[in-house]
There are 2 protein chains.
Amino acid sequence: MGITKTEIFTDEQNKLAVQLKAIAHPARIAILQLIIEAKACICGDLSSELGLAQPTVSQHLKELKNAGLIQGTIEGVSVCYCIEPEAWKNLNDELNKLFSSYKDFNNCC
Amino acid sequence: MGITKTEIFTDEQNKLAVQLKAIAHPARIAILQLIIEAKACICGDLSSELGLAQPTVSQHLKELKNAGLIQGTIEGVSVCYCIEPEAWKNLNDELNKLFSSYKDFNNCC
DNA sequence: TAATTATATTGCAATATTACGATTAATTAA
DNA sequence: TTAATTAATCGTAATATTGCAATATAATTA
């Protein structure tokens, strides 16, 4: 089939999966890191910094934006991207929840 | 082309991307949650609990195992899966590093 | 307005993912 | 050894992702 059966999972599980998928690519991890360090937040700068073509970077930025993780501000002829604080915090919280729910000692096997 | 240019990224970025991709699916999130709560750790139990066919669950388990996030122990005729503590802790650390590197005030735009 | 600069979109080829029926392999029980 | 039980693998169809050249769009400057 090739299509994820989202209807059998909770909204939380689906949302977490979508946001994780957004950051589950080395280029998008690198983009987030560059944006956070503010070494680059302009598509063109990211493109030359990463060594990926401009349309490719634009597409990655779009996916991060679709997941709500970044936001773009028009700055003259270019667009400056930065982290969307709410979503970033929210994803951090959800991940903390997941990871902290595991205690070493409750292994069942 | 359809293939990720892993060679232009660091090993850390690539490894993080691989592990995130492994958990970036609602079924695999659900599987991890069930394993952690030890409500189910057997492929068949997970299958009926999730409402996904056995081969599908088996494939998801394989991907989590390939990413090093879970391990399987043969228990008679079935296999019991549980979290691989080292990798789990490592991924948690890497994510904490990424998320904590962002400070609200260093927005550049 | 026309030229310039930068980003977004389109279209496409190559590859990867998702899901599952059918089958095979492995282990235990009779 | 045979039957039963469970998990893994194979094969396949449907869909999604990745990367980029070509092009379109938007904003600024001359």
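Only a predicted model underlies this, so the values are computations on that prediction, with no experimental measurement involved. Throughout, protein chains are lettered first and strands after them, A, B, ... in sequence-line order, and every chain is numbered starting at 1.
In this structure, A:Q59 places its CD atom 14 Å from P of D:dA16, rounding to the nearest Å. Note: NZ (B:K65) to C1' (D:dT9) measures 12 Å, nearest angstrom. In this structure, NZ of B:K62 is placed 10 Å from C1' of D:dC10, rounded to the nearest angstrom. Rounded to whole angstrom, the span from the CD atom of A:E63 across to the C1' atom of C:dT9 amounts to 14 Å. Put simply, CG on B:L46 is 9 Å from P on D:dA7, counting in whole angstrom units. The distance from atom CD1 of A:I42 to atom P of C:dT5 is 16 Å, rounded to the nearest whole Å. C:dC20 atom C1' lies 9 Å from atom NZ of A:K5, rounded to whole Å.
With C:dA8, D:dC20, C:dA16 as the choices, the nucleotide that has an atom nearest any side-chain atom of B:I3 turns out to be C:dA16. The B:S78 side chain lies nearest to D:dT6 when the options are D:dG19, C:dA19, D:dT6.
Applying the ring pair (Phe, Tyr, Trp, His ring centres under 6.0 Å) test to residues at least two apart or on different chains, none of the pairs has a partner in residues 28-52 of chain B. The salt bridge (Lys or Arg N to Asp or Glu O under 4.0 Å) analysis of residues 8-34 of chain B, with sequence neighbours excluded, yields the pairs B:E12-B:K97, B:R28-B:E63. Sequence neighbours left out, the pairs with a member in residues 20-54 of chain A that pass ring pair (Phe, Tyr, Trp, His ring centres under 6.0 Å) are A:H25-A:H60. For residues 72-82 of chain B, no residue pair satisfies the salt bridge (Lys or Arg N to Asp or Glu O under 4.0 Å) rule, not counting sequence neighbours.
Side-chain atoms of A:Q19 come within 3.5 Å of backbone atoms of A:A67 as a donor-acceptor pair (strictly under, hydrogens ignored).
The phosphate of D:dA8 (OP1 or OP2) has a side-chain N or O of B:S58 nearer than 4.0 angstrom. Distances shorter than 4.0 Å separate some side-chain N or O of A:T56 from OP1 or OP2 on D:dC20. Applying the 4.0 Å criterion to OP1 and OP2 of D:dT6, one finds that B:Y81 has every side-chain N and O outside that range. Within the 4.0 Å cut-off from OP1 or OP2 of C:dT17, not a single side-chain nitrogen or oxygen of B:H60 is found.
Place A:D45 and A:T6 on DNA chain C by their nearest nucleotides, and A:D45 ends up nearer the 5' end.
Scanning residues 12-31 of chain B for heavy-atom distances under 4.0 Å to DNA chain C yields B:K21, B:H25, B:R28.
For B:F99, the ring-ring contact (aromatic ring centres under 6.0 Å, His included) partners are A:W88, not counting sequence neighbours. Residues meeting the side chain to side chain contact (heavy atoms under 4.5 Å, CB included) test with A:N96, sequence neighbours left out: A:N92, B:N96. The side chain to side chain donor-acceptor pair (under 3.5 Å) search around A:Q13 returns A:T10, B:Q33, not counting sequence neighbours. Residues satisfying the side chain to side chain donor-acceptor pair (under 3.5 Å) criterion with A:T73, sequence neighbours excluded, are absent altogether.
Looking at heavy atoms from C-beta onward, B:E84 lies out of side-chain contact with B:L69 at the 4.5 angstrom threshold. In this structure, the side chains of B:V18 and B:N66 stay at 4.5 Å or more apart for every pair of heavy atoms.
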Margin query: I need a per-nucleotide contact map over nucleotides 22-30 of chain D, read 5' to 3'. Cutoff is protein heavy atoms under 4.0 Å; write B for the base, S for backbone only, - otherwise.
Written below: B----BS--
Under 3.5 Å, sequence neighbours excluded: what are the donor-acceptor pairs made by side chains of residues 40-51 of chain B?
{"residue": "B:S47", "atom": "OG", "partner": "B:L52", "partner atom": "O", "Å": "2.6"}
{"residue": "B:S47", "atom": "OG", "partner": "B:Q54", "partner atom": "N", "Å": "3.4"}
{"residue": "B:S48", "atom": "OG", "partner": "B:G44", "partner atom": "O", "Å": "3.3"}
{"residue": "B:S48", "atom": "OG", "partner": "B:D45", "partner atom": "O", "Å": "3.1"}

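One end of the helix from C:dT1-D:dA30 to C:dA30-D:dT1 points its axis 20° away from the other end's axis, with each axis taken from 5 pairs and the angle rounded to 10°.
B:L61 comes within 4.0 angstrom of no nucleic acid atom, judged by non-hydrogen atoms across all strands.
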